[in-house]
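A note on names: the letters A, B, ... follow the listed sequences, proteins ahead of strands, and every chain is numbered from 1. For clarity, every value in this text was computed on a predicted model and none was experimentally measured.
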There are 2 protein chains.
Amino acid sequence: MSDRVERILADLRRQGERITPARRTVVEELVGADGHLTADELVERVHETVPGAHLATIYRTMDVLERLGVVEHTHLGHGRAVYHLADDVHAHLVCESCGAVVQVSPKLLAGVERRAREEHGFVLRAHHFALVGRCRRCKSA
Amino acid sequence: MSDRVERILADLRRQGERITPARRTVVEELVGADGHLTADELVERVHETVPGAHLATIYRTMDVLERLGVVEHTHLGHGRAVYHLADDVHAHLVCESCGAVVQVSPKLLAGVERRAREEHGFVLRAHHFALVGRCRRCKSA
DNA sequence: ATCTTTGCAAACTTTTTGCACCAAT
DNA sequence: ATTGGTGCAAAAAGTTTGCAAAGAT
């Protein structure tokens, strides 16, 4: 279907990975999601196509996809991680009061990345953690 | 002993909180630590003075101290949180390869904080999550 | 004497792992 | 026919909670 899906699957095959129904569906959901998904949300969606799919399989699949550089995960809050395609780079603002998540341009962090590199020798993956704060509506509360 | 310790304990008392040996020791360790401590590190240190102290007590104490604005916690990596005095604000750079943690000036994030506010209406607690990346030594690996 | 705080054990949440079975190549 | 992937169930890892007993005020 989607060109992007097929390209990713071909990548996987090229690396010697096997394409199972669960894996194909995970990739389709990630491509279709435009945004981030938790492991839980992923199993749920995958179940519509592969009823028996297990959460452990999702985690193992994400592991493979991350190792191949196809996806990345980000920690939005206390605990749960979210996954998204690696070429869809963005930073996350999370409201600690209402839980709202806003995806913002990675440029927001460009300055920090530069300074971390110049002043501390650190190459950041700045978007690996969300930026926590209070959104417009909650900031008064 | 330390002025800072006594000031914090007085604050607690003023809020109707009781000062137990465990709590006094937690505060002393936090003040003495100059930097961040995990709950685990805290129990361990508290044990030298209050042998029976339980991890659950540490968590409950941190809860109280956070509610009163005395401490804050930060997520350095996958899982563990670290605690430090709220008036000791700093950002954290964590090397995802070797685990090294560097404390840096909160100014590093000042620009991001301003832009998040101006462009997205978000008031950040930017130091609540660590900035993940690779340190000088690990960045080649 | 009162009402909090503690210790303990158990629940919880998210992620990982060991193992026998099944399926993609 | 081979491997590698899967489901399941159990283990981690970090934090939270219910409860009765101990302790601060």
(request) Give a yes or no on whether the backbone of B:His92 and the side-chain of B:His127 come within a donor-acceptor separation of less than 3.5 Å. (result) no
(request) Establish, yes or no, whether a centroid distance under 6.0 Å links the rings of B:His73 and B:His128. (result) yes
(request) Test salt bridge (Lys or Arg N to Asp or Glu O under 4.0 Å) on B:Asp88 and B:Arg4 and set out the steps. (result) CA-CA 12 Å; B:Asp88 175 24; B:Arg4 229 164 148 207; over 6 Å; no
(message) If you only use heavy atoms from C-beta on, which nucleotide in C:dT15, D:dG5, D:dG14 is closest to the side chain of A:Ala81?
(response) C:dT15
(message) I want to confirm an ordering. Mapping B:Tyr83 and A:Leu55 to their closest nucleotides on DNA chain D, which one lands closer to the 5' end?
(response) A:Leu55
(request) Under 4.0 Å between any heavy atoms, over every strand shown, what does B:Pro21 touch: base, sugar-phosphate, or nothing? Just pick one. (result) sugar-phosphate
(message) Expressed as a whole number of angstroms, how long is the span from A:Asp63:CG to C:dT16:P?
(response) 6 Å
(request) Starting at CD of B:Glu72, measure out to CG of B:Asp87 and round the result to the nearest 0.5 Å. (result) 9.5 Å
(request) Answer with base, sugar-phosphate or nothing: what part of the nucleic acid does A:Gly52 contact at a heavy-atom distance below 4.0 Å? (result) sugar-phosphate
(message) Just to be sure I understand the rule, does B:Arg13 reach a base, reach only the sugar-phosphate, or reach nothing, if contact means heavy atoms closer than 4.0 Å?
(response) sugar-phosphate
(message) Please report the distance, rounded to the nearest Å, between CD1 in B:Ile19 and P in C:dT4.
(response) 15 Å
(request) Return yes if some donor-acceptor pair links the side-chain N/O of B:Arg23 with the main-chain N/O of B:Arg18 below 3.5 Å, else return no. (result) yes
(request) Nearest whole angstrom, please: distance from the P of C:dT13 to the CG of A:Leu76. (result) 18 Å
(request) In whole angstrom, give the distance that lies between atom CE of B:Met62 and atom C1' of D:dT16. (result) 15 Å
(request) Ignoring the backbone of A:Ala56, work out which of D:dT25, C:dT6, D:dA9 is nearest its side chain. (result) D:dA9
(request) Spell out yes or no: do the side chain of A:Arg18 and the base of D:dT3 have one donor N/O and one acceptor N/O closer than 3.5 Å? (result) yes
(message) So, OP1 or OP2 of C:dT15: does either fall under 4.0 Å of a side-chain N or O from A:Tyr59?
(response) yes
(message) What is the distance, to the nearest angstrom, from the CZ atom on B:Arg23 to the P atom on D:dA24?
(response) 11 Å
(request) Take atom CD of B:Glu17 and atom P of C:dT4, then tell me their distance rounded to the nearest Å. (result) 10 Å
(request) Report the distance from atom CG of B:Leu42 to atom P of D:dG14, rounded to the nearest whole Å. (result) 14 Å
(request) Would you state whether a donor and an acceptor, one from the side chain of B:Arg60 and one from the base of C:dG7, lie under 3.5 Å apart? (result) yes
(request) Give the nucleotide from the list C:dT6, D:dA24, D:dT15 with an atom nearest to the side chain of B:Ala22. (result) C:dT6
(request) Could you tell me the separation between the CG atom of A:Asp40 and the P atom of C:dC12, rounded to a whole number of Å? (result) 16 Å
(request) Report yes if at least one side-chain N or O of A:Thr20 is closer than 4.0 Å to OP1 or OP2 of D:dT6; otherwise report no. (result) yes
